[in-house]
Protein chains: 2
Amino acid sequence: MPEPQLDRLLRFTRTIAAEEAGREAALAARGRPMGPLRALMAIGAAGMDVGALRDHLTLDSGLMSRQLRQLEEDGLITVTPDPEDARRRRAACTPAGLAEIAACQQLTRDRAAELHDLLDGDETLLAAMDRVATLLAAHRMRLRLIDPDSAEAAACLRAYYTELSGRFGLPFTPGTDPDPGALRPPRGAFLMAEHGEDRLGCVSLRGDGLGRAEIKCLWVSPDHRGVGLGRRLMAAAETEARRLGLTRLRLDTSRHLPEALTLYRRAGWQEIPRYNDNPFAHHWFEKQL
Amino acid sequence: MPEPQLDRLLRFTRTIAAEEAGREAALAARGRPMGPLRALMAIGAAGMDVGALRDHLTLDSGLMSRQLRQLEEDGLITVTPDPEDARRRRAACTPAGLAEIAACQQLTRDRAAELHDLLDGDETLLAAMDRVATLLAAHRMRLRLIDPDSAEAAACLRAYYTELSGRFGLPFTPGTDPDPGALRPPRGAFLMAEHGEDRLGCVSLRGDGLGRAEIKCLWVSPDHRGVGLGRRLMAAAETEARRLGLTRLRLDTSRHLPEALTLYRRAGWQEIPRYNDNPFAHHWFEKQL
DNA sequence: CAATTTCTCTGACTGATGTCAGGAATTTTC
DNA sequence: GAAAATTCCTGACATCAGTCAGAGAAATTG
């Protein structure tokens, strides 16, 4: 371990930590406690179920409830029962809440703009910062089983289909799965890789309930490619498949996705003949567990 | 303002913020509240007066006192009256306290070592990180009038004399000023530039009590050179001199410090004949305020 | 329809942080 | 030597964050 390099890294993290402390202080200066503020930001323009919010922020149900009451009293959000299941409640921002979010985002953007002026648009520096952020996020990423119907899964799938549309030159849109249980335990699973607030990628196992499943929707965020995330997602999917007691995995893919082809071949998948009628597939693979 | 670059910067700060949050969590996992922990780290091996500690951490005197009591009860520090002035008290670490500090530093170093492995010693990345840290620290630095006898001033002066020793090839050591009042208001001042825990540079005004002063000990940390800190320190010293009602500033310097020479000339200083018997000086400057 | 489960909320509590008012010991000032 | 200033401390109080037990409403299960 070369000590001088370590000292340089320590200085770097120390400096950036001070920067982050400054940002937190600037946000706190708006006079709102950080807890409710984080909740407000998470609710965002789209709104969010209370349970999902609680999971996302990993808060105790009591604390969550009190923070939502506070935001409601301040007129920033409304919390209404879910019409389909009145036990569940849904938080949504009022115009005042949206304005508060926008103000906080502007504050963050202003600080980033200061940094931008400072770096004077130096592309070498920006590229290095991208690289550091990519490596760090991939290294510290955590994998999580999520609900395939959740907002997070939907966001991943939107990004995935946008990517496909670009690759194929055709407008793909995410359709609703005709068999929603296939992507949930015990038949299948939906895995997402994340780092803090950032979604790095996802992969799903679509099980038939007879010990077999298809790998679907392997997606890696464009910001986080080239650092082995696809491989790690596939490995995690395999591990999850074994845990679910699955014995055979299949997948199809297209010649327009060359990096995926390489990935499957390197990970020990066997190319097999066409097993479905997917008009966009050119290659079919199988793996026995 | 190019939006994509801004987004890249936002992603960078977001990722590094998550990294910092992880470090905080790792430190918190040692089971000690962050407040007393920060105090312990600040006391360090050298020990610190309670008042200086309070200033350094900008804590209320009541809170400071309680945190020190806690650390004392835990056997990590001792707090004893200053023998010269029994109102003042001095905190010093016990062996257990030093061990706790070392453990926390090791934790931080371990995380940095992980980052180092991740970057694979890539010099381009390290250089970019240095550059970003340097620019950021210099941009966010704050100037502070400090006591010329404080531990912070002594640290700056040690660094300054070490630098001089290297430039002159002679062993300089910081001597105690025969006239301690000359560096304090109303006659003079000692200014330090800092960012978070890092000391970026210093400059002092050594006044004669008759409206004249000499600029001494202009020092910029090697980590923070080349971004105009010397110029800003000199400007701050001038501003402070005007505030103190000084009318004439002088300084001497050596041909072994070419960047200082350039700086003084650019800042409007007039070169004048030798006005003192400093054997290491080759140039003398003056500025009327 | 009754029992159970799910989901959210309330109340009671703890600990960390922070503020303010004053008090005791000590030093400095007059 | 008395008054004033200083240094640090204690007590009272407030806010934020977090935990736990349990209540109440709604949905699901048998």
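Within every chain, numbering begins at 1; the chains are lettered A, B, ... in the order of the sequence lines, protein sequences first and strands thereafter.
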**Q** Are side-chain N/O atoms of B:Arg23 and A:Thr13 paired as donor and acceptor at under 3.5 Å?
**A**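 A:Thr13 and B:Arg23 do not have a side-chain donor-acceptor pair below 3.5 Å.
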**Q** Scan nucleotides 7-18 of chain C nucleotide by nucleotide, 5' to 3', and note B when protein non-hydrogen atoms come under 4.0 Å of the base, S if they reach only the sugar-phosphate, - if neither.
**A** SSBBBB---SSB
**Q** For A:Ala137, does its backbone N or O pair with a side-chain atom of B:Thr15 as donor and acceptor, under 3.5 Å?
**A**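 Such a contact is absent between B:Thr15 side chain and A:Ala137 backbone.
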**Q** Please examine the side chains of A:Arg30 and A:Cys104, heavy atoms only from C-beta on, and report whether any two atoms are closer than 4.5 Å.
**A**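 With C-beta onward as the side chain, the pair touches.
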**Q** Distance under 4.0 Å to a non-hydrogen atom of chain A counts as contact; along DNA chain D, which nucleotides mark the start and end?
**A**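 So the outermost contacting nucleotides come out as D:dC16 to D:dA27.
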**Q** Using five pairs at each end of the helix from C:dC1-D:dG30 to C:dC30-D:dG1 to define an axis, what is the angle between those two axes, to 10°?
**A**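 Rounded to the nearest 10 degrees, the bend comes out at 10°.
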**Q** Using distance only, find each side-chain donor-acceptor pair of residues 67-79 of chain A under 3.5 Å and give its atom names and separation, not counting sequence neighbours.
**A**
| residue | atom | partner | partner atom | Å |
| --- | --- | --- | --- | --- |
| A:Arg69 | NE | A:Glu72 | OE1 | 3.0 |
| A:Arg69 | NH1 | A:Ser65 | O | 3.4 |
| A:Arg69 | NH1 | A:Ser65 | OG | 3.3 |
| A:Arg69 | NH2 | A:Glu72 | OE1 | 3.3 |
| A:Gln70 | NE2 | A:Asp74 | OD1 | 3.2 |
| A:Glu72 | OE2 | A:Val79 | N | 3.3 |
| A:Asp74 | OD2 | A:Arg32 | NH1 | 2.9 |

**Q** Within a 6.0 Å radius of atom CD on A:Gln106, are there more than 12 heavy atoms belonging to other residues, nucleotides or ligands?
**A**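 Check passes, neighbour count above 12.
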**Q** Could you go through A:His139 and B:Glu114, starting from their C-alpha distance and side-chain angles, then the distance that decides it, and tell me whether this counts as side-chain contact (heavy atoms from CB on, under 4.5 Å)?
**A** CA-CA 9 Å; A:His139 178 65; B:Glu114 259 184 82; 2.6 Å; yes
**Q** So how far is it from B:Arg11 CZ to B:Leu6 CG, rounded to the nearest 0.5 Å?
**A**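 Going from the CZ atom of B:Arg11 to the CG atom of B:Leu6 covers 14.0 Å.
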**Q** With a cut-off of 3.5 Å and sequence neighbours excluded, list every side-chain donor-acceptor pair involving residues 37-57 of chain B.
**A**
| residue | atom | partner | partner atom | Å |
| --- | --- | --- | --- | --- |
| B:Asp49 | OD1 | B:Arg90 | NH1 | 2.9 |

**Q** Nearest 0.5 Å, please: how far is CH2 in B:Trp219 from CZ in B:Arg199?
**A**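 Output value for this atom pair is 7.5 Å.
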**Q** I'd like to check the salt bridge (charged side-chain N to carboxylate O under 4.0 Å, His left out) partners of A:Arg187; sequence neighbours left out, ordered by chain and number.
**A**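 Counting only residues at least two positions away or on another chain, A:Arg187 forms a salt bridge (charged side-chain N to carboxylate O under 4.0 Å, His left out) with A:Asp179.
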